[in-house]
Amino acid sequence: MTFFTHFAHSLLPLLFLLPSAAVAAQAVETAHYRPPAVPLVVHDPYFSVWSMSDHLTDDWTRHWTGAVNAMCGLIRIDGKVYRWAGPQPNLPQTPQEVGLVLPSGAHLPTEISPMEQKGLTITPTHTTYRFLANGVELEVEFFNPLLPNEPDVLARPLTYLTLRVRSTDHRQHEVSLYYDCSAEWAVNTPDQLVVGQVESLKGLSVGRFGTEAQPILGAAGDNRRIDWGYFYLAAASKGQVHLLSDQVARGAFAAGGLLSEQPPITQWPRAANDHWPVLAVTFPTFPVADSPVTHQLLLAYDERYSIELMGQRLRPYWRRNGATISQLLPTALADYAALEKRCRLFDQQFMEDMRHVGGQPYERLMTLAYPQCLAAHGYAAGPEGQLLLFPKENFSNGCISTVDVIYPSAPLFLLLNTNLLKALLTPVMDYAASPRWKFPFAPHDLGTYPLANGQVYGGGEKSEVDQMPVEESGNLLILMAAEASIDGNAHFAERYWPELEKWANYLRQNGLDPANQLCTDDFAGHLAHNCNLSIKAIVALGCFAKLCQMTGRTEQAQEYAQLAHSMAQQWMKMADDGDHYRLAFDKPGTWSQKYNLVWDKILHLNLFPESVARKEVAFYLTKMNPYGLPLDNRATYTKLDWEVWTATLAESRADFDVFMRHIEAFMNDTPNRVPLTDWYDTITAKQVGFQARSVVGGIAIKLLADPTLWHKWAQRAQEAEVQTSPSVGER
């Protein structure tokens with residue numbers, strides 16, 4: 001990971017949010033809780049749109065980077081128009097200035113009032129807003145079917161947007177609905193030229209935007225949006241998509257005019273900010289009484305190609321069998337009811353487990369972390385059609401498949417589906433086993449997203465300068481042993497045995513007292529004699545011993561187990577500082593979070609006595625700041641993922657809850673309205689850097705530490721393998 005300073009978003013007031021009654025039983029109740037950002041459309045690093053405000057009507061929705069990816073939602077109730085998504089739109093002062101065609105006697109409003117937002121409910125796969133105005137309730141539901149055991153569904157870049165309207169005063173009302181998305185969804189910068197199109201497809205009205213240039217996989221980097229492929233908006237039932245300028249579309253609906261009568265955009269290509277072309281959908285006037293009336297939209301993105309791996313362009317996983325968007329959209333619509341049922345069950349089961357092991361603050365945090373982690377990955381079909389996952393270092397340095405990003409995110413995949421972890425590790429391990437990687441330690445990354453063409457961090461493939469030799473070697477050995485423990489076999493590790501053996505030997509020689517080098521917390525700079533890094537090396541050697549035992553290498557297993565135990569005893573003497581253990585062996589009076597120790601507990605390696613973690617946790621409780629535990633004594637900042645790992649070392653639930661109360665206070669009070677940052681200040685709650693990263697998958701470590709849950713979710717994964725939906729194009 002590399003430091004990248006990002007601007008802070010504007011301060012916004014706190015809001016106490018109430019849950020929707022329809023799903024309150026299985027959802028995070030958001031009373032006295034303010035998410036820093038709310039997931040809406042969450043699929044991969046390019047197709048990831050959030051609400052970064054208290055109300056959906058306070059601001060435009062935004063890509064995780066903070067760039068505007070606007071959506072506007074309007075509703076007419078008995079002739080009066082209200083907003084349910086987006087701030088006050090820029091309406092024309094007169095119809096003539098933009099060529100608006102309005103009914104006789106109609107007039108443009110000067111302002112559109114927002115509906116009252118009455119509730120917000122967030123589950124791992126659903127975000128639901130509830131609005132009220134003029135005796136009518138509108139429920140707006142964003143549904144992302146992120147099922148961990150159904151990769152064909154998980155990898156679909158498609159969100160269901162469902163609008164449910166009902167009367168709350170037992171009177172009948174006349175209602176019409178409007179929704180639009182801007183061309184910003186398909187560009188990196190709004191000055192890029194776009195083209196648009198609307199067509200009918202198997203009962204759907206479908207519109208799309210894309211850049212004229214289509215530079216497929218043409219640029220790599222961190223603070224970037226996609227500018228190839230096409231964004232799609234599709235309407236079911238009586239909805240009709242129109243391609244208009246924002247002022248014409250929104251002005252026509254606000255004044256009661258029909259969008260079908262408005263002048264379409266005829267001059268293409270045009271910049272996305274040239275009169276702001278939008279794909280606008282209307283559902284014409286319909287009566288609403290006590291029973292809900294439902295309308296549905298589909299939001300999708302077709303990248304065409306998603307990743308370049310060692311010079312070979314890879315298709316998105318959902319496209320691997322030759323599927324096209326014209327197949328995906330109607331298929332997804334037909335799948336909705338069944339997927340909705342399965343995702344509701346998944347949400348309920350997962351959230352019950354969160355509450356069981358960590359209480360409500362943990363549940364709230366994990367519910368936000370789940371979609372964020374999954375949406376920080378690209379899902380591609382490998383050379384043999386296999387699923388491959390590629391994480392991006394969002395607002396870190398933009399690297400792809402960084403090993404010390406996979407390491408903290410891994411608990412979520414280990415818990416829910418080890419096949420996803422293997423899909424993450426395979427590209428890295430294949431690279432490490434190739435002739436290109438010549439070092440005796442593990443690589444750091446595969447390139448810069450979305451181009452996985454070889455390591456770019458530090459000395460890259462050329463030198464050992466600024467590498468992370470102990471860090472990455474330890475990470476991969478630990479993850480291989482964790483995967484083997486859950487699967488009950490070491491078949492995956494066996495495929496890469498020469499590499500694992502080489503890295504174990506490297507740690508044997510260099511791991512106990514690491515030389516001056518970087519670790520995953522590289523923003524803190526180089527550090528020699530790093531005690532926490534030493535723990536990682538010792539635990540990794542214990543993991544290698546476990547893998548040796550599982551693969552029948554009994555003598556080697558005994559040798560490395562004895563070595564790891566001996567090193568642990570030496571570590572305790574070298575790191576001891578009275579009532580705690582040091583940051584570095586040669587620095588008395590220092591301290592740090594020993595989060596790497598958690599794997600000794602989870603994998604039952606029994607290398608360190610329980611007294612080590614007990615002493616550390618007791619000391620940490622004396623060092624708490626208002627918003628959490630600092631990473632170490634050098635600064636007041638912390639890492640969110642490591643805090644939860646450290647909290648998981650606690651023997652008592654009461655001590656774990658202390659950590660979580662401070663973290664929940666951070667979520668409520670941070671002035672930075674962004675998808676979860678994992679690097680923030682524990683005194684001010686301000687973001688220091690990083691946001692929307694996959695590392696928050698590591699928050700699942702508390703669930704992973706419960707062996708009962710291991711078995712339960714492993715069993716569900718096995719059952720799902722024979723029940724999953726066929727891929728698009730296979731029906």
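Sequential numbering from 1 along the given sequence is applied to the chain's residues.
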One pair to check against side chain to side chain donor-acceptor pair (under 3.5 Å): D521 and Y595. What are the steps and the verdict? CA-CA 12 Å; D521 305 315; Y595 53 82; 2.7 Å; yes

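- How far CZ of R716 is from CG of L415: 9.5 Å, rounded to the nearest 0.5 Å.
- When every heavy atom of D222 is checked against every heavy atom of K392, the shortest pair comes out as O-NZ, 2.8 Å.
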Run the numbers on H126 and F143 for ring pair (Phe, Tyr, Trp, His ring centres under 6.0 Å), then give the verdict. CA-CA 5 Å; H126 294 77; F143 169 36; 4.4 Å; yes

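- A salt bridge does not link D669 with R34: none of the charged nitrogens is closer than 4.0 Å to a carboxylate oxygen.
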Residue pair D353, K712: steps toward the salt bridge (charged side-chain N to carboxylate O under 4.0 Å, His left out) verdict: CA-CA 10 Å; D353 288 344; K712 180 164 58 173; 2.9 Å; yes

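- Using cut-offs of 30° and 60° on the angle between ring planes, the pair F346 and Y370 is tilted.
- In this structure, K702 forms a cation-pi arrangement with F656, its terminal cationic atom sitting closer than 6.0 Å to the ring centre and no more than 45° off the ring axis.
- Of the candidates Q517, H444, H526, H526 is the only one forming a side chain to side chain donor-acceptor pair (under 3.5 Å) with D466.
- Judged by distance alone, the side chain of D445 and the main-chain N or O of V403 form no donor-acceptor pair under 3.5 Å.
- Looking at every heavy atom in both residues, Y637 comes nearest to F523 through CE1-CE1, 3.4 Å.
- With rounding to the nearest 0.5 angstrom, the CZ atom of F395 is 13.0 Å from the CG atom of D678.
- The minimum heavy-atom distance between P39 and T127, with the atom names listed, is O-OG1, 2.7 Å.
- Ionic pairing of R130 and E139 is not present here: no N-O contact between side-chain nitrogen and carboxylate oxygen is shorter than 4.0 angstrom.
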Take F350 and W713, measure what ring pair (Phe, Tyr, Trp, His ring centres under 6.0 Å) needs, and give me the verdict at the end. CA-CA 9 Å; F350 194 30; W713 284 101; 5.7 Å; yes

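- Contact of the M354 side chain with the P124 side chain is registered, since non-hydrogen atoms from C-beta on lie closer than 4.5 Å.
- Atoms CZ and OG1, from F666 and T684 in turn, are 9.5 Å apart once rounded to the nearest 0.5 Å.
- Open room surrounds NZ on K686; 12 or fewer heavy atoms of other groups in view lie less than 6.0 Å from it.
- The closest side-chain heavy-atom distance from K623 to D632 is not below 4.5 Å.
- Y620 contributes atom OH, which lies 6.0 Å from atom CD of Q593 (distance to the nearest 0.5 angstrom).
- The aromatic rings of F413 and H377 sit perpendicular, their planes meeting at an angle over 60°, well past the 30° parallel limit.
- Counting only distance, with no hydrogens or angles, the side chain of E393 and the backbone of T402 share no donor-acceptor pair below 3.5 Å.
- Ion pair R344/E141 flagged as a salt bridge, since at least one NZ, NE, NH1 or NH2 atom sits closer than 4.0 Å to an Asp/Glu carboxylate oxygen.
- In this pair, W599 and W645 present their aromatic rings perpendicular. The plane angle is above 60°, beyond the 30 to 60° band.
- Taking all atoms of both residues into account, the shortest heavy-atom contact from L56 to Q117 is N-OE1, 3.0 Å.
- Here CD of E610 is found 11.5 Å from CG of L649. Values are rounded to the nearest 0.5 Å.
- Below 30°, between 30° and 60°, or above 60°: for W679 and F690 the angle between ring planes is between 30° and 60°, a tilted geometry.
- Between C531 and F585 the shortest side-chain heavy-atom distance falls below 4.5 Å.
- Remark: K118 fails to qualify as a cation-pi partner of F131 under the 6.0 Å distance and 45° angle criteria applied to the six-membered ring.
- A salt bridge is defined here as a Lys NZ or Arg NE, NH1 or NH2 lying under 4.0 Å from an Asp or Glu carboxylate O, and D657 with R653 meets this definition.
- Counting heavy atoms from C-beta outward, V598 and I602 have side chains that approach closer than 4.5 Å.
- When all heavy atoms are compared, the tightest approach of P45 to W64 is O-NE1, 2.8 Å.
- Atom NZ in K587 sits 6.5 Å away from atom CG in L527 (nearest 0.5 Å).
- Annotation for P675 and M52: closest pair CD-CE, 3.6 Å, computed over non-hydrogen atoms.
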